[in-house]
Number of protein chains: 2
Amino acid sequence: MATRTDTLTLEVVELIGTVVARYHEEYDRAAAEHSLTGAQARVLGLLSLDPLPMRKIAVRLKCEPSNVTGIVDRLETRGLVERRPDPADRRVKLAAATETGRRTARELRDALDFAREPLAGLSDAERTVLRDLLRRMLGEETP
Amino acid sequence: MATRTDTLTLEVVELIGTVVARYHEEYDRAAAEHSLTGAQARVLGLLSLDPLPMRKIAVRLKCEPSNVTGIVDRLETRGLVERRPDPADRRVKLAAATETGRRTARELRDALDFAREPLAGLSDAERTVLRDLLRRMLGEETP
DNA sequence: ACCGATTTACTTGACATCATGAAATATTCA
DNA sequence: TGAATATTTCATGATGTCAAGTAAATCGGT
């Protein structure tokens with residue numbers, strides 16, 4: 001509790017707020033260059049790695065499945081994603097990125113300079129320190 | 001360019017993504033406890049410090065002024081914010097937090113444990129290192 | 001092994017919020 | 001007077017929730 005209001009902690013909290021804002025600016029800007037919203041880019045990024053059931057997309061996005069229906073609908077209309085039946089369970093629909101979708105996702109990743117370009121200013125040792133501090137902050141103890 | 005794809009950089013980028021996600025979860029959870037959306041909590045937080053013209057709220061939020069109208073409308077309906085004329089310019093409306101609004105904003109800040117509680121696990125020296133690394137990453141060179 | 005009840009996956013519809021852009025109004029400023 | 005600024009309104013679309021509906025899988029008792 002001693003850390004609640006000291007200057008150093010507040011500075012770090014504010015810097016993290018700035019990181020969050022910067023991250024979103026970059027992400028939305030990159031998405032907009034492909035006429036995608038942030039949510040659409042996020043889902044396309046997930047599906048470019050592996051097809052996923054609608055349910056699991058909702059879990060990843062921490063939202064209701066009914067919401068995912070609309071997002072995938074819009075991506076499907078644009079030919080970036082397609083729905084396939086799951087041979088193992090006919091209730092399930094697997095959303096999968098099309099070839100065009102995968103290409104768009106790749107371009108999106110390449111355009112996402114955030115934290116990659118800025119990190120270039122840090123040495124390997126510094127990046128290691130940053131990684132370990134972030135891990136501990138997030139409670140992901142190094143195994 | 002050597003930093004584009006190395007493992008260490010990608011790890012840090014992913015950790016930052018996790019930080020961003022965690023930040024939003026905490027923020028939205030804290031806001032929801034007061035039946036506020038993220039955007040409403042954000043505006044209330046701004047106004048709890050100082051009254052602001054609608055225009056400046058839009059600049060801070062990086063959105064259109066017409067959007068701010070609705071957000072402030074909802075806060076005003078709930079008695080958390082009020083609109084006042086600006087004596088210096090009759091075109092301008094100043095949005096100001098009411099006493100209730102300031103109290104809600106304070107409770108919101110206190111409930112926002114993100115990065116404050118986790119940072120407790122870091123020593124002063126470590127927090128200083130983290131602060132300086134984040135500053136350099138954000139291009140805010142220490143003056 | 002069968003069959004009805006429950007659960008699970010997804011979609012649809014109604015609704016609120018957030019976001020943009022264009023047009024309207026009021027006021028300031030050159 | 002005419003251009004620029006601050007705000008609002010309106011139309012529209014994306015995102016989010018929740019409740020209800022359909023289809024398919026699974027469970028439990030006989």
Side-chain angles (χ1 to χ4, degrees), chain A residues 20-21 24-25 27-47 51-78 80-96, chain B residues 20-21 24-25 27-47 51-78 80-96:
Chain A
V20 170
H24 271 107
E25 279 171 48
Y27 201 93
D28 290 349
R29 182 194 52 70
E33 277 171 18
H34 292 273
S35 302
L36 292 172
T37 64
Q40 288 164 9
R42 176 100 193 279
V43 170
L44 185 58
L46 286 178
L47 299 181
L52 285 176
M54 304 297 283
R55 195 81 182 71
K56 291 209 174 155
I57 301 176
V59 171
R60 295 294 211 91
L61 261 57
K62 295 193 208 300
C63 70
E64 299 300 314
S66 62
N67 191 19
V68 177
T69 299
I71 297 173
V72 170
D73 279 351
R74 283 162 218 126
L75 289 170
E76 196 168 27
T77 299
R78 294 185 41 187
L80 301 172
V81 154
E82 63 182 8
R83 282 173 168 94
R84 301 178 193 155
D86 180 343
D89 186 337
R90 288 187 304 168
R91 291 172 302 182
V92 172
K93 284 175 191 164
L94 293 171
Chain B
V20 170
H24 271 107
E25 279 171 48
Y27 201 93
D28 290 348
R29 181 193 54 70
E33 277 171 18
H34 293 273
S35 303
L36 292 171
T37 64
Q40 288 164 10
R42 177 100 193 277
V43 170
L44 185 58
L46 286 178
L47 298 182
L52 285 175
M54 305 297 283
R55 194 83 183 74
K56 291 209 174 156
I57 300 176
V59 171
R60 294 293 213 91
L61 260 56
K62 295 192 208 303
C63 72
E64 299 299 316
S66 61
N67 191 19
V68 178
T69 299
I71 298 173
V72 170
D73 279 352
R74 283 162 219 125
L75 289 170
E76 197 168 27
T77 299
R78 294 184 41 187
L80 301 172
V81 154
E82 63 182 9
R83 284 173 166 93
R84 300 177 192 157
D86 180 344
D89 185 339
R90 287 187 304 169
R91 291 172 303 182
V92 173
K93 284 174 192 165
L94 293 172

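If you're wondering where the values come from, they're calculated on a predicted model, not measured in any experiment. Protein chains get the first letters and strands the later ones, always in sequence-line order, with residue 1 at the start of each.
The minimum heavy-atom distance linking B/Gln40 with B/Ser35 is given by the pair OE1-O, 4.2 Å. In this structure, A/Val92 and A/Pro53 approach most closely via the heavy-atom pair CG1-CB, 3.7 Å. Taking both residues in full, the closest heavy atoms of B/Pro87 and B/Pro85 are given as CD-O, 3.4 Å, listed atom of the first, atom of the second, then distance. Heavy atoms only, all atoms of each residue included: A/Ala95 and A/Ile57 are closest at CB-CD1, 4.0 Å.
Taking CD1 of B/Ile71 as the reference point, atom CD of B/Glu76 lies at 13.5 Å (rounded to 0.5 Å).
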Inset, instruction - For A/Glu64 and A/Thr69, run side chain to side chain contact (heavy atoms under 4.5 Å, CB included): C-alpha distance rounded to whole Å, both residues' side-chain angles, the deciding distance at 0.1 Å, then the answer. - result: CA-CA 9 Å; A/Glu64 299 300 314; A/Thr69 299; over 6 Å; no

Inset, instruction - Scan nucleotides 10-17 of chain C nucleotide by nucleotide, 5' to 3', and note B when protein non-hydrogen atoms come under 4.0 Å of the base, S if they reach only the sugar-phosphate, - if neither. - result: SBB----S

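Protein chain A contacts DNA chain D from D/dA14 to D/dA25, reading 5' to 3' and using non-hydrogen atoms of the protein with a distance under 4.0 Å.
For CZ of A/Arg60, the number of neighbouring non-hydrogen atoms (other residues, nucleotides, ligands) closer than 6.0 Å is 12 at most. Few gaps surround CZ on A/Arg78; more than 12 heavy atoms of other groups in view lie less than 6.0 Å from it.
Note: CD1 (A/Ile57) to P (C/dA9) measures 13 Å, nearest angstrom.
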